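Structure first, commentary second.
All chains are named by letter (A, B, ...) in the order of the sequence lines, taking the proteins before the strands, and each is independently numbered beginning at 1. These numbers come from the heavy atoms of this one structure, side chains and all, not from hydrogens, waters or symmetry mates. Keep in mind that what you see is a predicted model, and the values were worked out from it rather than measured.
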4 protein chains.
Amino acid sequence: MARGNTRQRIQDVALELFAEHGYEKTSLREIAEKLEVTKAALYYHFKTKEDIVISIFEDLTQPIDELITWAEEQPRTLETKQEILRRYQAALTGAAPLFRFMQENQATVRDLSIGETFKKRMMTMARLIEDPDLGMTDRVRCISALFTMHAGMFFMQNVEGDPEEKREAVLEVAIDLVTQAHHGPRK
Amino acid sequence: MARGNTRQRIQDVALELFAEHGYEKTSLREIAEKLEVTKAALYYHFKTKEDIVISIFEDLTQPIDELITWAEEQPRTLETKQEILRRYQAALTGAAPLFRFMQENQATVRDLSIGETFKKRMMTMARLIEDPDLGMTDRVRCISALFTMHAGMFFMQNVEGDPEEKREAVLEVAIDLVTQAHHGPRK
Amino acid sequence: MARGNTRQRIQDVALELFAEHGYEKTSLREIAEKLEVTKAALYYHFKTKEDIVISIFEDLTQPIDELITWAEEQPRTLETKQEILRRYQAALTGAAPLFRFMQENQATVRDLSIGETFKKRMMTMARLIEDPDLGMTDRVRCISALFTMHAGMFFMQNVEGDPEEKREAVLEVAIDLVTQAHHGPRK
Amino acid sequence: MARGNTRQRIQDVALELFAEHGYEKTSLREIAEKLEVTKAALYYHFKTKEDIVISIFEDLTQPIDELITWAEEQPRTLETKQEILRRYQAALTGAAPLFRFMQENQATVRDLSIGETFKKRMMTMARLIEDPDLGMTDRVRCISALFTMHAGMFFMQNVEGDPEEKREAVLEVAIDLVTQAHHGPRK
DNA sequence: AATGAATGAGGTTTCATTCAT
DNA sequence: GATGAATGAAACCTCATTCAT
């Protein structure tokens, strides 16, 4: 019947359910049923339930890693930061369900082995956008830029309007925030 | 020891554990053990596990309700919005653990009976701060102001600096965002 | 229905089944069914399956502990050793099902937390009966006395004859072995 | 690596693990992993898990069968019995891991198809060494001689001393026991 | 001679919940 | 105002086994 794509299908269905109902509330029975395989089949492909989440995380988190690697080699200029935000939005858009899951299950994720990794990644992003020389207000602006993008991903879905237009608006606001942070107080 | 206050103590401990490990991962056994009572005692005070969360939600959410009620009676001016943000921050600060819980367990909360209510409240807040007349970018700015405050509550803890100073900076950035939204593009 | 004796009944039934089919082969379902309670009831009284075995072990092993304590205060004479064997047989007889279980599930017991304790106890018994001054042959005689009693407990059931008579004969042979060990070769 | 000898290697590894952790606790997965083959490979060589144990049992138990066959043709004299013990020790030594497994997993073995066979073999050994004419005490002495050898195999490892010397001492004590049984009461 | 993929049965354990006392 | 005892459902996970390739 199924060809060698079962592993992939498990990841897809699992992510979908994890994102929808949360990690704890999603049972392996549900995943198996939706795939029309037995629970044991899941265990053939993954050692534990946590392993499923880890594998999804690793597969989809790569773009962020690459972004970080790239960013760390660039000069720490305003232009770089703007480009970081552009690329970050692209990464976020590409792995939207995973990010939704991470965002909406933070309490759970924290207790999973990926929790630490994920947090570190967030802190690194903050470090790349922030600047220790800035005053507190401007540092908040930078972090706010990041969270604007996160908010943009999910909460914004509840706002009417063309998705593409919304995405551009989000990016504009975020870029604006870091720009202001760099030019000293707006005005 | 102290009698009569058990209901309150249950809520406190439950919220603490829910916020720390998530709603699903926290069992009534854990809560009972931490309180040094039996699980059955919890059922004397609350009909179900969900009831505990609802009661916490209701007790602590009141300030937001009052803020909304107040805001709806005010003229929809920039000054009002700035004051809303000020009051919102106060409400957030007063019910920090609850908001942390709500924020970090969105997937779970969504499936709970309070989920709908909570979402509606968030949308109302957005509506009060936003303005349909504004362009998309400025609307994003308004929503971003809200999320800046949320981010400020939790992620900001990972940023070094005096908490009071950070709070003020967060408020400043948020107010700035709605102000810009109203004045048309910052100059 | 059941009065406060459920814990005891669990231990009794569990020991019976563990002794009959082995620890691993006996499932909690079986134990529960035989008691006409649910599996969950077992978990009200014991934290894990291993806990059941530990509790049985602790309850029934006490006589041996007392024997060791007593023996360690006596002079290390032949008479003492003979009395040790007499008391050891009494202890073995009193906790026959437990000893059968321990004897017949050594491989399993070794991986359980009681394994170490049990082994230590056996070594201590050997030390109390043995004597480092003796030659190797006589030391073997002493250890053999111990194992004669163990064999007497179980294998001997397959030999026809009056149980009481068999018990006495086993004791006689065991005592004889340590006596010979002390007098040098018989005659 | 080496081909063609997989069957043998499975038996070796299986016996090692069965003896160490018990039959039930050892899974085919563990055996396969240790051999760096798949579980399915085991099924190419053996029809079931029990089949593995049976095959080991048959291969290694042969010496005892031969000993029994030989013994049944001899005159039932003291000298014969002494020789039986000598040969029994040799057989035990040659198949030490199997005997350890049998000894330490009696509860499990009893429920396996080899259980009955093994028990019969033990009873036959007892019959060959015993003598219905003897009094109960002397019969116990004979059986004790057998168990002394078993004890010698495993428990004796915990006693310090040269292995060769221990083996000889064990044999001496065992022979002594049957000799006494035949000469009427010692002294 | 062996593997990759899967299954069905069953294991231990945990959970929210109930109820007589 | 709370406990002790228990339950039914379901969770995660493991196992021996099968079969097409």
Query raised in the report: In terms of the angle between their ring planes, are F99(A) and H150(A) parallel, tilted or perpendicular, with boundaries placed at 30° and 60°?
Result: tilted

Report task. Would you kindly give the CD1-to-P distance between I52(D) and dC15(F), to the nearest whole Å? Result -> 14 Å

Report summary line: Between E24(B) and T38(D), whichever has its closest DNA chain E nucleotide further toward 5' is T38(D)

Query raised in the report: Any chance the side chains of S55(D) and Q11(D) put a donor and an acceptor closer than 3.5 Å?
Result: yes

Report summary line: Comparing nearest nucleotides in DNA chain E, the 5'-proximal residue of the pair V37(A), K39(C) is V37(A)

Query - Pairing partner of dA10(F) (Watson-Crick or G-U wobble, both distances under 3.5 Å) - result: dT13(E)

Query raised in the report: Is any NZ, NE, NH1 or NH2 atom of the basic residue among E33(A) and R29(A) found under 4.0 Å from an Asp or Glu carboxylate oxygen of the other?
Result: yes

Query raised in the report: Within the side chain of T26(C), is there an N or O that forms a donor-acceptor pair under 3.5 Å with the backbone of H21(C)?
Result: no

Report summary line: Closest to the side chain of Y43(C), out of dA6(F), dT12(E), dT3(F), is dT12(E)

Query raised in the report: For dT21(F), what is the paired nucleotide under Watson-Crick or G-U wobble rules, both distances under 3.5 Å?
Result: dA2(E)

Query raised in the report: Atom CG of N5(A) to atom P of dA5(E): distance rounded to whole Å?
Result: 11 Å

Report summary line: From CG of L17(B) across to P of dA16(E) the rounded distance in Å is 12 Å

Requested in this report: Output yes when at least one side-chain N/O atom of Y44(C) is less than 4.0 Å from OP1 or OP2 of dA6(F), else no.
Outcome: no

Report task. Let me know, please, whether T26(A) or E50(D) comes out on the 5' side of the other along DNA chain F by nearest nucleotide. Result -> T26(A)

Query raised in the report: Side-chain N or O of T6(D) less than 4.0 angstrom from OP1 or OP2 on dA2(E)?
Result: yes

Requested in this report: In whole angstrom, give the distance that lies between atom CZ of F46(A) and atom C1' of dT14(F).
Outcome: 18 Å

Query raised in the report: Could you state the CG-P distance from L112(C) to dT12(E), rounded to the nearest angstrom?
Result: 13 Å

Requested in this report: Tell me whether the OP1 or OP2 atom of dA2(E) has a side-chain N or O from H45(D) closer than 4.0 Å.
Outcome: yes

Requested in this report: Please check the phosphate of dT14(F) (OP1 and OP2 only) for any side-chain N or O of R29(D) closer than 4.0 Å.
Outcome: no

**Report entry** Nearest-angstrom distance from the residue atom CD1 of I31(C) to P of dT12(E)
**Finding:** 8 Å

**Report entry** Residue S27(A), side-chain atoms from C-beta onward, closest of dC12(F), dT7(F), dA16(E)
**Finding:** dC12(F)

Report task. Check whether any side-chain heavy atom of K49(D) lies under 4.5 Å from a side-chain heavy atom of Y23(D), and answer yes or no. Result -> yes

Query raised in the report: Of the candidate nucleotides dT12(E), dG8(F), dA5(F), which contains the atom at the shortest distance from the side chain of L28(C)?
Result: dT12(E)

Report task. Identify, between E30(A) and E36(B), the residue whose nearest nucleotide on DNA chain F lies closer to the 5' end. Result -> E36(B)

Query - Separation between CG of L15(C) and CD1 of I56(C), rounded to the nearest 0.5 Å - result: 5.0 Å

Query raised in the report: Picking from dC13(F), dA16(F), dA6(E), which would you name as closest to the side chain of K49(A)?
Result: dC13(F)

Report task. Round to the nearest Å and state the distance from Q8(A) atom CD to dA5(E) atom P. Result -> 14 Å

Report summary line: Atom CD1 of I10(B) and atom P of dG1(F) are separated, to the nearest Å, by 11 Å

